[in-house]
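Single-structure report; data block below.
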4 protein chains.
Amino acid sequence: MTQRSAAKKLTPKGAGRRDEILRKATAEFARRGYHATTITDILDGLSIARGTFYQYFANKRAIFEEILSNLLARFAGSIRPIDIDHPTASPRRQLHDNIVRVLNLVLEDRAMAKIVVAGATGMDPEFDLKVDQFTEAVRAAIIRSLSKGIEMGLVQPVDTELTATLVFGSGKELVRALADQSPDAQNVDEIAEAYIDLFARGLFTPALRDALDDDVESILHTSSGRNPVE
Amino acid sequence: MTQRSAAKKLTPKGAGRRDEILRKATAEFARRGYHATTITDILDGLSIARGTFYQYFANKRAIFEEILSNLLARFAGSIRPIDIDHPTASPRRQLHDNIVRVLNLVLEDRAMAKIVVAGATGMDPEFDLKVDQFTEAVRAAIIRSLSKGIEMGLVQPVDTELTATLVFGSGKELVRALADQSPDAQNVDEIAEAYIDLFARGLFTPALRDALDDDVESILHTSSGRNPVE
Amino acid sequence: MTQRSAAKKLTPKGAGRRDEILRKATAEFARRGYHATTITDILDGLSIARGTFYQYFANKRAIFEEILSNLLARFAGSIRPIDIDHPTASPRRQLHDNIVRVLNLVLEDRAMAKIVVAGATGMDPEFDLKVDQFTEAVRAAIIRSLSKGIEMGLVQPVDTELTATLVFGSGKELVRALADQSPDAQNVDEIAEAYIDLFARGLFTPALRDALDDDVESILHTSSGRNPVE
Amino acid sequence: MTQRSAAKKLTPKGAGRRDEILRKATAEFARRGYHATTITDILDGLSIARGTFYQYFANKRAIFEEILSNLLARFAGSIRPIDIDHPTASPRRQLHDNIVRVLNLVLEDRAMAKIVVAGATGMDPEFDLKVDQFTEAVRAAIIRSLSKGIEMGLVQPVDTELTATLVFGSGKELVRALADQSPDAQNVDEIAEAYIDLFARGLFTPALRDALDDDVESILHTSSGRNPVE
DNA sequence: AATGAATGAGAATTCATTCAT
DNA sequence: TATGAATGAATTCTCATTCAT
């Protein structure tokens with residue numbers, strides 16, 4: 001038909017314009033969500049006409065889809081597989097660096113980050129699918145790491161599925177918290193270290209840890225299980 | 001005019017009707033999110049007319065707001081402060097029961113649960129406020145518990161703010177996972193126990209734990225801090 | 001989704017409303033064609049809101065499609081196959097009646113008639129197809145009649161395809177002329193008779209007819225065929 | 001300002017460009033009709049920029065109007081008045097040549113032909129007027145010929161208005177059929193001859209013709225006239 | 001002259017809400 | 001109270017036309 005898709009060669013000026021729209025759209029989508037954001041919201045204050053938007057993006061779905069894809073790609077790209085036989089960087093070091101890279105990404109573009117963590121939910125099956133696939137990929141990586149750790153005797157034998165969910169949830173909430181905070185310098189290194197440490201060592205003091213074993217046994221054997229409340 | 005607000009006296013039949021709408025609306029909001037759900041979606045298959053909806057609820061916002069409030073209230077109600085001096089139940093036991101109550105709540109009404117965790121976010125400032133307030137309340141409770149634990153020498157000295165975020169995020173993801181899963185029996189007790197245990201003891205085996213101290217030191221002192229990647 | 005299709009049970013008042021829109025739409029489509037007619041054009045002067053239109057018709061295509069289908073069905077219904085063995089009505093009589101029925105239909109609703117003859121062309125492949133199919137059906141009927149006539153020795157041996165095109169074109173133009181004319185009484189019977197007579201007997205006087213045969217021969221044998229002009 | 005109207009002096013290259021657009025536009029208008037054809041459709045595959053179009057044509061109406069005018073002029077030009085006293089060509093011969101010229105015109109540029117016959121109708125009052133005027137001119141010529149023929153005793157006394165409509169309609173449909181057909185050689189001479197012959201001699205065999213007179217009388221005297229059907 | 005990015009008026013359609021019965 | 005037809009503001013998207021380069 002007409003001038004449709006996004007992937008046209010653009011003049012430098014055109015590319016700048018496109019980016020401007022992309023950036024603003026990211027901010028608006030992050031603030032209001034997909035449905036509540038109108039094309040007018042995106043263009044407001046940009047002195048760009050409505051028609052111009054459609055010169056650069058086929059439609060509302062297309063621009064969101066592009067933002068989301070970029071986003072997930074950047075997140076995915078900042079996570080690197082951990083090489084146990086690495087000559088200089090220890091596995092823990094590599095894990096640390098992965099977390100630092102992700103958190104720096106979040107700090108670089110908070111609006112962008114919010115879109116993923118705040119749930120691209122219920123906007124469109126296709127978008128949901130994309131986010132779910134990403135989530136699953138990350139969870140799978142965590143599960144693999146845990147399994148290998150258990151195998152090597154480094155990690156205690158835990159339910160890897162469940163543990164992955166918990167670890168992933170923590171990370172997501174951390175990202176959300178960081179994205180919401182004011183943009184003053186964050187000590188990303190320390191945060192990453194604390195994150196790892198929490199899961200590595202747990203919260204309890206060594207003395208307490210040992211004292212707890214009996215208690216656990218009793219809980220699991222007396223509880224009614226399903227509905228202790230109502 | 002017609003009857004506006006929600007808390008008016010209703011005949012028993014009216015109350016039943018109102019509940020019917022409320023339940024269906026919860027399901028629809030859970031599936032599609034607030035904006036994508038239309039009044040027609042809610043009423044479809046209910047043999048209740050459009051006009052009748054407005055006899056029971058002032059508008060679309062009002063019904064969502066009521067669902068959300070109920071929801072948060074039930075969640076809040078299922079979490080009870082931990083009494084350290086309790087005669088029979090240990091603190092850990094009380095914590096366990098709190099978690100079990102919340103998870104059972106989720107299993108009872110998955111649709112409802114999804115609405116909170118999947119983010120009533122970004123649809124309306126007022127809704128966001130409500131969810132944020134709830135989140136803050138839970139985080140505050142976690143922070144209080146951590147502080148007291150540290151004070152009592154049971155918990156290692158950690159950044160309570162950050163740790164609360166991580167613990168809360170885990171719980172949220174756990175709820176989301178549970179709400180999405182098929183409704184076959186879940187061993188809620190075991191999940192709660194694993195959840196507590198993860199944070200209590202950590203993942204690493206005791207042998208590994210001790211070996212790590214030097215490594216950590218080295219990471220924090222060599223790292224470039226902001227952008228170790230690009 | 002929502003209240004969609006047209007085939008809903010309607011209250012008498014609703015049906016009246018629907019008809020009102022249908023009638024006005026027919027007039028507007030007849031005047032301006034499909035593309036140039038806007039929903040606003042249709043509703044103008046009807047004191048019916050834009051939204052109401054969509055309560056009765058799924059969209060612009062749907063209302064045109066309904067008008068067109070009705071139209072073709074009524075035309076088709078007014079043409080009856082000619083029964084050569086009919087006890088009282090001669091074939092010519094039956095043909096005459098067919099023509100009269102079609103012309104009366106045109107006079108009843110000129111707007112409607114114009115839509116078909118003025119070419120529902122180029123508005124939508126589906127519409128074009130529908131009109132083309134109708135046209136073909138009528139042409140086919142004419143061809144059958146001609147063949148049978150030739151077989152029975154009543155009609156001279158002519159190219160039935162070509163002749164059908166010519167006969168059909170005459171009829172179409174006649175309809176168009178009638179639809180455009182002021183609605184004062186037309187002597188439909190006489191028009192039908194003249195139409196039949198023209199094709200039955202031709203224009204030339206008997207004396208002239210015989211004198212022409214040689215001329216024809218000469219034309220066909222001298223002509224250059226393709227481009228006698230430039 | 002920029003150059004507006006059509007009839008400005010153009011460089012040879014410019015003139016070529018203009019023609020290129022004109023030809024493509026004709027094809028597109030023929031395929032989709034006026035409204036459904038966009039400027040982009042016209043320019044697609046022509047390596048001519050949007051702005052350039054407006055250097056050659058004031059607007060969309062202008063280019064259509066030019067195509068239509070050319071078209072009608074060429075049709076008009078191919079029809080020459082019949083000179084009864086012509087020294088070499090008989091009137092029938094002259095008529096035959098007129099028809100052949102028109103049909104050859106159609107075969108030369110089918111796209112163009114479709115625009116007129118398929119109805120430049122209902123898109124714009126001004127276009128309608130133009131087409132109507134042309135139609136009227138042709139009808140008037142037919143009427144004049146018929147009258148003269150009747151006067152000279154060559155043509156039977158018929159309703160010239162009505163007959164002209166029928167003859168014209170046949171020709172139009174013939175043109176449409178030719179324009180739609182595949183472009184393999186058509187025997188234009190034979191078609192023209194058949195066309196003339198149909199109207200000249202009619203369809204019925206001589207024997208049948210005479211037998212019909214009584215029947216006709218009876219139809220006209222018994223018929224109900226307006227609505228013999230419902 | 002040529003270009004193609006920018007414009008913005010307008011078109012179709014949706015949907016929360018009102019209102020007459 | 002219940003109903004569902006009616007409403008119209010708001011939204012997405014198209015496309016003829018203009019304009020700076």
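These values consider heavy atoms only, across backbone and side chains, with no hydrogens, waters or symmetry-generated copies. Throughout, a chain's letter reflects where its sequence line sits, starting with A, and its residues are numbered from 1. Small disclaimer: the values here were computed from a predicted structure and weren't measured.
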**Prompt:** Is there a side-chain polar atom (N or O) of Y54(B) under 4.0 Å from OP1 or OP2 of dC19(E)?
**Reply:** no

**Prompt:** What's the closest nucleotide to the Q55(A) side chain, out of dT12(F), dG4(F), dT7(E)?
**Reply:** dT7(E)

**Fill in**
To the nearest angstrom, the CZ-P distance between F57(A) and dT12(F) comes to 15 Å

**Asked** Taking only residues two or more places apart in sequence or in another chain, which ones pass side chain to side chain donor-acceptor pair (under 3.5 Å) with E20(A)?
**Response** none

**DNA chain E stem ranges, 3 or more consecutive Watson-Crick or G-U pairs under 3.5 angstrom** = E:2-21 with F:2-21

**Request:** Can you tell me the distance, in whole Å, between the CZ atom of R61(A) and the C1' atom of dC13(F)?
**Result:** 15 Å

**Prompt:** Can you name the ring pair (Phe, Tyr, Trp, His ring centres under 6.0 Å) partners of F53(B), sequence neighbours left out?
**Reply:** F57(B)

**Asked** Does Y34(B) have R61(B) sitting over its ring (NZ/CZ under 6.0 Å from centre, angle to axis within 45°)?
**Response** no

**Asked** Rounded to the nearest 0.5 Å, how far apart are CD of E66(D) and OH of Y56(D)?
**Response** 13.0 Å

**Prompt:** Roughly, in whole Å, what's the span from OH in Y34(C) to P in dA11(E)?
**Reply:** 14 Å

**Asked** Of all residues at least two apart in sequence or in a different chain, which pass the salt bridge (Lys or Arg N to Asp or Glu O under 4.0 Å) check with K24(C)?
**Response** E28(C)

**Fill in**
Here the distance between atom P of dA16(E) and atom CG of L43(B), to the nearest Å, is 11 Å

**Fill in**
5'-most contact on DNA chain F (nearest-nucleotide basis), I48(C) vs T37(D), goes to I48(C)

**Asked** Please give, in whole Å, the distance from dA16(F) P to N59(D) CG?
**Response** 11 Å

**Item:** Whole-Å distance separating the CZ atom of R18(B) from the P atom of dA2(F)
**Value:** 13 Å

**Earlier contact from the 5' end, DNA chain E, for G51(C) and S47(A)** = S47(A)

**Request:** Could you tell me the separation between the NZ atom of K60(C) and the P atom of dG10(E), rounded to a whole number of Å?
**Result:** 16 Å

**Request:** By nearest nucleotide on DNA chain F, pick out whichever of A49(B) and T40(A) is the more 5' one.
**Result:** A49(B)

**Asked** Is the phosphate of dA5(E), meaning OP1 or OP2, less than 4.0 Å from a side-chain N or O of T52(A)?
**Response** no

**Asked** Would one find a side-chain N or O of R17(B) under 4.0 angstrom from OP1 or OP2 of dA2(F)?
**Response** yes

Show me the donor-acceptor pairs, under 3.5 Å and distance only, between side chains in residues 44-52 of chain A and residues at least two apart or in other chains.
none

**Prompt:** DNA chain E: R50(A) or F53(D), which has the more 5' nearest nucleotide?
**Reply:** F53(D)

**Prompt:** For T38(A), which residues count as a side chain to side chain donor-acceptor pair (under 3.5 Å) partner, sequence neighbours excluded?
**Reply:** D41(A)

**Item:** Residue-phosphate contact under 4.0 Å: Y56(D) side-chain N/O, dA2(E) OP1/OP2
**Value:** yes

**Request:** Measure from CZ on F29(B) to P on dA16(E) and round the result to the nearest Å.
**Result:** 9 Å

